[in-house]
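Keep in mind it's a predicted model, so treat the numbers as computed, not measured. To find a chain, count down the sequence lines: A is the first, B the second, and so on, and within it residues start at 1.
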Amino acid sequence: MEDSAEKTNQIVVLLIGPPGSGKSTFCDTVMRSSLRPWSRVCQDIINNGKAGTKAQCLKMATSSLKEGKSVFIDRCNLDREQRSEFVKLGGPGIEVHAVVLELPAQVCISRSVKRTGHEGNLQGGRAAAVVNRMLQSKELPKVNEGFSRVMFCYNDADVENAVNTYSKLGPMDTLPSGCFGEKKSDTKSQPGIMKFFKKVNALPGSSSSNEGTNAMRKANEKTENFRLGSADIVHTLAFPSVSTADFQFDLEKASDIIVEKAEEFLPKVGTARLVLVDLSHGSKILSLVKAKASQKNIDSERFFTFVGDITKLRSEGGLHCNVIANATNWRLKPGGGGVNAAIFKAAGPDLETATRVRANTLLPGKAVVVPLPSTCPLLNAEGITHVIHVLGPNMNPNRPDNLSNDYTKGCKTLREAYTSLFEGFLSVVQDQSKFPKRSNQTAVSDSGSLEDTRDSGKKMSKEWSTWALALHTIAMHPERHENVVLEFSDNIVVINDQYPKARKHVLVLARQESLDGLEDVRKENLQLLQEMHNVGLKWVDRFQNEDASLIFRLGYHSVPSMRQLHLHVISQDFDSDSLKNKKHWNSFTSSFFRDSVDVLEEVKSQGKANVASEDLLKGELRCNRCRSAHPNIPKLKSHVRSCRSQFPEHVLQNSRLVARPETKL
DNA sequence: GTTCTAGAAC
DNA sequence: GTTCTAGAAC
């Protein structure tokens, strides 16, 4: 009886937190004033002052327990699997507790960066990357893992409270079991919070009390950026062509579907990328897809093909893909050759186990997202965090359950498969970056100095959304966008407008940094403006060689929606399905549209161009020729199709219209 | 910039 | 009931 009383109240406390979260300090503080015997098992120093192994920690913990001591397990313990063996130390008379040090990632990183001579030797900038990576696979502990008590600390006050709780604990005392201090998962509330912040932020004049919320917003952003992983990781899905290998799906049809689905999903996944991967250089499917994507002017930076082993893209191909797709079988089992066998092999038994938790089988057209456990070699060697299994239709007559050449059904299922796959990827992207990255690139200001567009309260006014940066990106790197770029020189890039508002509609982009729109143009840009104009005229001439009846106007929007000065070269038929609303129409036919010839003249004479008000975009819908008004877009369009009236006097003058001499204006 | 959709206009 | 727009979301 004495014996059991003596042993009754030992505790194993697992500290849970990344480097810099204060685990060692926590242990030291408790041990300094504690009334019970403690032993601290620190993996960072267990090996004669150097880092050791988990096994060494377990061994030391066991022997400390035998000596009657309570034990702190001072290692990160961030995921369930890492914790499981320590939880098993518990038993009769030995409780296992968890203390979670859930401090802001930023705090942990800066602490571990600053610290010198830290026992774990985690110093310098590398610390940030390490902390980042660790946080990505973090799993918060639950009581059902085997803890009798879990305590969450989110700030210094919480930590102090927890330290006190354990310091005061006498040899025979016990603590109440249960889960203490846990905040309900912030992941759900944050998007809402962000919406609120957005609104607050959108009112520049809005007063006083939002200081707190702005500070919170900043904190959230920072933490979030850290969670995203090192800043330069772009979410990337590598996927094999589904069903075209073993399942013998027609390549021509499959490539159409891949391109169609990629085009559909690219706009939805933010800045993320989709990469079609095949092992062989001569791959027919890759070349088909490449050709079709280029035909459709799909951004080749965000959707492209890649030759390589999908399980070694980073180590062997230098392409970091955080998510890969597996064209699997309905049993979701290893084997069968090809991609499925390769991925299961490279991922080890971990993948099968992790898959089993989510699904046992898969129907054609469906996909299942499997997060890889931290021990998985694919995660550690290649940085792959998720595998998405996807099952396509089977067109192989020699295999059971094939569709016997029914391509109506086959195409439908293949489409469904890519939809499921891309939606799965979308969910990963959204999970890991709850809010889109804000524009945080530096820009060159008027004075030529570097400014951060977020923080400068100066006239670096505009914040550009990701979509609004597309032209800028192309202007800066035309060579990376060869499938959309028609020509480029040192100063300009010519592209087809992605949503042409007329039969012919190209953009001449200025390549100069800091020229975002007409408002930024000054006298020193005159030569550039003239070059843009001349290049525009050259394209007009080319188009008129194909169709001499085309009439063009060259000009700028007073207030552009997209960053980077661009000259519209647009035929005056406005015969396009992409012209859909009043804003579209008025932006090309009201005085919101500033003719290039006038801009040149104004910059020459007054040093800058006049810009018109955005209110003009809301005006009534009038024919660009006869100026008759129309109640809605469809009626306007049908009128414009047949209107042969002369153009208004104003646009007839000063070469604002560019037409072949024989064309009646 | 586009897409999506509620609800206004017809 | 259908067509169309305007505004929000992205």
Problem set entry | Evaluation steps, side-chain hydrogen bond (donor to acceptor under 3.5 Å, both in side chains), between Arg625(A) and Ser645(A) | CA-CA 6 Å; Arg625(A) 286 175 175 257; Ser645(A) 299; over 6 Å; no
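- Looking at heavy-atom distances under 4.0 Å, Ile633(A) makes contact with sugar-phosphate atoms alone, never a base.
- When atom types are taken as modelled, the side chain of Arg358(A) and the backbone of Val368(A) share no donor-acceptor pair closer than 3.5 angstrom.
- Among residues two or more places apart in sequence or in another chain, the side-chain hydrogen bond (donor to acceptor under 3.5 Å, both in side chains) test is passed with Thr413(A) by none.
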Seminar exercise, completed: With B for base contact, S for sugar-phosphate-only contact and - for none (protein heavy atoms under 4.0 Å), nucleotides 1-10 of chain B reads BSS-------
Throw together a table of side-chain donor-acceptor distances under 3.5 angstrom for residues 260-267 of chain A, partners on residues two or more places apart or in other chains.
from: Glu260(A); atom 1: OE1; to: Arg415(A); atom 2: NE; distance (Å): 3.2
from: Glu260(A); atom 1: OE1; to: Arg415(A); atom 2: NH2; distance (Å): 3.1
from: Glu260(A); atom 1: OE2; to: Arg415(A); atom 2: NE; distance (Å): 2.8
from: Lys261(A); atom 1: NZ; to: Glu264(A); atom 2: OE1; distance (Å): 3.0
from: Lys261(A); atom 1: NZ; to: Thr419(A); atom 2: OG1; distance (Å): 3.0
from: Glu263(A); atom 1: OE1; to: Lys296(A); atom 2: NZ; distance (Å): 2.9

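- Proximity of a side-chain donor or acceptor of Arg553(A) to a complementary backbone N or O of Asp595(A) within less than 3.5 Å is not detected.
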